[in-house]
Amino acid sequence: MSGLTRVVLVAGARTPFLDSGGAYSPLMTYELAAHSIAGLVSKTGVDVRRIGMVTMGTVLHEIETSNVARESMLTAGLPATIPAYTTSMAGLSASVGFANLCDMIALGRIEAGIAGGVESFSDIPIRFSQTIRRAAMKVRQDPSAKNILKLVATLRPRDLLPEMPKGTDFTTKKVMGVCAEAMVKKFSVSRADCDAFTERSHQLALTAIAAGRYADELVPVHVPSLNTTVTDDDTPRADCTHRKLVNMKPIFDTAQGVITAAGSSRFTDGSAAVLMTSEQAAQSMGLTPKAVVVDYQFSAVKDLNTEMLLGPAVTIPKLLGRHGLHMDDIGVWELHEAFAAQILVNVACMARPEFADEYHAGQVPGQLPMDRLNAWGGSLALGNPFAATGMRLLSTAANRLQAEGQRYAVVSSCAGGGLGAAILLQNPNV
Ligand SMILES: CC(=O)SCCNC(=O)CCNC(=O)[C@H](O)C(C)(C)COP(=O)(O)OP(=O)(O)OC[C@H]1O[C@@H](n2cnc3c(N)ncnc32)[C@H](O)[C@@H]1OP(=O)(O)O
């Protein structure tokens, strides 16, 4: 963002991530999101009067709180005078809010903003069937007993069944695990490599947790109706070992697939948020930024049927290329692990000339240095509350830049709809 006001990422905060159906079940998403916003404000000590906008991304929209950004920032106790809007771009829902706020700060329209993401799979929007919905609308127009009886007589028992969200991509009508298997068939990665990557994710997460790496970003969540306070992520597993993984059956392609339950990120509840300001605003508020936001890029794949989750391989090279950077120049890599196979396909594609011909005008991005990738574990171990994941990655990348003394970090995610995002951060001190 040269020539514009420099944007800095001050810090991130997140709730612990929990397997769906757990202790967050009684909470609505706005309540979960309020915890990450309130925690972020309290840990940074930012002067809230200087915040110009709040965004909150979500994938599964709750109808009662359709502008979940507004409800969550009010619940977090931010002044009502701060505007807030909700963003939606599949798994990149929070990242697009983050990008919007960066632009607003860079252009001098606001001097500080909070970008968050939230998801709950414990309380998904389940609807009546369309037949019932239509009948209900007709009853609203004419609520007479005669009309109600007439409409009830047209209903069949199956119309009374609730409609669950399908969990499939709307265009391809496939679930993401099936899409990931289609990528494996096109670009081929082995089951053994997937298992090794899965084990690595859990072991690195457990080591990072034991070393207190996440203490800085985690905010406890009190759930009054259960009289409990959640302090830790609950999905990293010590028993995620080669011995166990090797015996697991593939679940999305039972005959020939490589993706098991362990090699898939789980349906998870949680929220995360990051604080961005202009460099001058951070200085004047006495805040110490963890990273400078250098640039970002959104892209989309050509073929949704075989490349659905290939967003990082399509997006990262565009971002790096714009800054004359190579894979080796990046010291910290934080990539969303939707599936072990999806990460391995993305990494493999970036090193392949035929993929470079297809997407990057023949410029082969090269080999991603695996020892710098998700060094504190990834979504396979920590879970994937869809929209919250992007903000978790940013927070972790900024913390890793500081802890590891690296100069650049790249954060990247794939998403349903064949979308991809990549964000380039720089350590202000290196
Ligand atoms: C952009 C994107 O992010 S795209 C991705 C979007 N997300 C998705 O599509 C979600 C994909 N995930 C899923 O569909 C589900 O989480 C599934 C199907 C993978 C898992 O579903 P569940 O039925 O809850 O699996 P469950 O937890 O019961 O695990 C099955 C078995 O594997 C075991 N297991 C699961 N994970 C692990 C692990 N990491 N290590 C060891 N064992 C494991 C369980 O203990 C269980 O064993 P058991 O049968 O002996 O009890």
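All heavy atoms count here, side chains included; hydrogens, waters and symmetry mates do not. This chain uses plain numbering: 1 for the first residue, then up along the sequence.
Judged purely by atom type and a 3.5 angstrom limit, T86 uses its side chain to pair as donor or acceptor with the backbone of V68. No donor-acceptor pair closer than 3.5 Å links the side chain of D19 to the backbone N or O of T268. The main-chain N or O of L380 is never found under 3.5 Å from a side-chain atom of R266 such that the two would form a donor-acceptor pair. Of the possible polar contacts, one joining the R372 side chain to the D328 backbone as a donor-acceptor pair under 3.5 Å is found. Put simply, the side chain of N247 gets close to the backbone of R243: a donor and an acceptor are under 3.5 Å apart. Proximity of a side-chain donor or acceptor of H360 to a complementary backbone N or O of A313 within less than 3.5 Å is detected. Checking side-chain atoms of D295 against main-chain N and O of L424 turns up no donor-acceptor pair under 3.5 Å. Side-chain N or O atoms of E279 include none that pairs as donor or acceptor with a backbone N or O of T5 at under 3.5 Å. Of the possible donor and acceptor atoms, none in the side chain of S93 sits under 3.5 Å from a partner among the backbone N and O of G57. Using modelled atom types, one side-chain atom of N374 and one backbone atom of L335 make a donor-acceptor pair closer than 3.5 Å.
By the neighbour-count criterion of 12 heavy atoms within 6.0 Å, atom CD of Q363 is sparsely surrounded, having that number or fewer from other residues, nucleotides or ligands. In this structure, K173 places its NZ atom where more than 12 heavy-atom neighbours from other residues, nucleotides or ligands lie under 6.0 Å away. Within 6.0 Å of CD on Q280 lie more than 12 heavy atoms contributed by other residues, nucleotides or ligands.
Side-chain contact check for V118 versus P385: every heavy-atom pair is 4.5 Å or farther apart. Residues I51 and I114 meet the side-chain proximity criterion, which asks for heavy atoms closer than 4.5 Å. You'll find the side chain of T55 stays beyond 4.5 Å of the side chain of F98, heavy atoms only. Residues T29 and M56 have side chains not in contact (no heavy-atom distance under 4.5 Å, counting atoms from C-beta outward). For the pair R191 and T260, the minimum side-chain heavy-atom distance is below 4.5 Å. A 4.5 Å side-chain heavy-atom check between C194 and L344 finds at least one atom pair inside the cut-off. In this structure, the side chains of S413 and L92 come closer than 4.5 Å at one or more pairs of heavy atoms. Between W376 and N399, some side-chain heavy-atom pair lies under the 4.5 Å cut-off.
One side chain, H222 or T229, offers a donor N or O that lies under 3.5 Å from an acceptor on the other. A donor-acceptor contact closer than 3.5 angstrom links the side chains of R322 and Q297. In this model, no donor atom of one side chain and acceptor atom of the other lie less than 3.5 Å apart for S265 and E337. Under the 3.5 Å distance criterion, with hydrogens and angles disregarded, no donor-acceptor pair is assigned to the side chains of S120 and D123. Side-chain polar atoms of N100 and Y85 form a donor-acceptor pair below 3.5 angstrom. A side-chain N or O of S379 and one of R392 form a donor-acceptor pair less than 3.5 Å apart. Looking at D169 and T172, their side chains do bring a donor and an acceptor atom within 3.5 Å of each other. Checked by atom type, the side-chain pair K174/T168 shows no donor-acceptor distance below 3.5 Å. Under 3.5 Å, the side chains of D269 and S20 contain no donor-acceptor pair of N or O atoms. Side-chain contact annotation: S88 with H61, donor-acceptor N/O pair under 3.5 Å present.
Of the residues listed (V314, L368, L310, I316), the one engaging N346 in a side-chain contact (heavy atoms from CB on, under 4.5 Å) is L310, and it is the only one. Each of D239, D234, D233 was compared with R237 under the salt bridge (Lys or Arg N to Asp or Glu O under 4.0 Å) criterion, and only D239 meets it.
With respect to E199 and K244, no salt bridge is recorded, no charged nitrogen being found less than 4.0 Å from a carboxylate O. A salt bridge does not link D103 with R109: none of the charged nitrogens is closer than 4.0 Å to a carboxylate oxygen. Under 4.0 Å is where a charged nitrogen must lie from a carboxylate oxygen, and between K185 and D253 at least one such pair does. A salt bridge is defined here as a Lys NZ or Arg NE, NH1 or NH2 lying under 4.0 Å from an Asp or Glu carboxylate O, and K186 with E307 meets this definition.
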Please evaluate residues L320 and V410 with respect to the criterion side chain to side chain contact (heavy atoms under 4.5 Å, CB included), reporting the C-alpha separation (whole Å), side-chain torsions for both, the decisive distance (0.1 Å), and the verdict. CA-CA 9 Å; L320 294 187; V410 165; 3.9 Å; yes

| said: Under the criterion side-chain hydrogen bond (donor to acceptor under 3.5 Å, both in side chains), I'd like the reasoning laid out for R50 against S284: C-alpha separation, chi angles, the key distance, then a yes or no. | reply: CA-CA 11 Å; R50 311 244 329 237; S284 70; 2.8 Å; yes

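Under a cutoff of 6.0 Å and an axis angle of 45°, R14 and Y214 form a cation-pi pair.
Residue M276 comes nearest to L101 through the heavy atom pair CE-CB, 3.5 Å, listed as atom of the first residue, atom of the second, then distance.
With sequence neighbours excluded, no residue satisfies salt bridge (charged side-chain N to carboxylate O under 4.0 Å, His left out) with D371.
Going from atom CZ of R200 over to atom CG of D193 covers 12.5 Å, rounded to the nearest 0.5 Å.
The aromatic rings of F252 and F339 sit perpendicular to each other, their planes meeting at more than 60°, with 30° as the lower class boundary.
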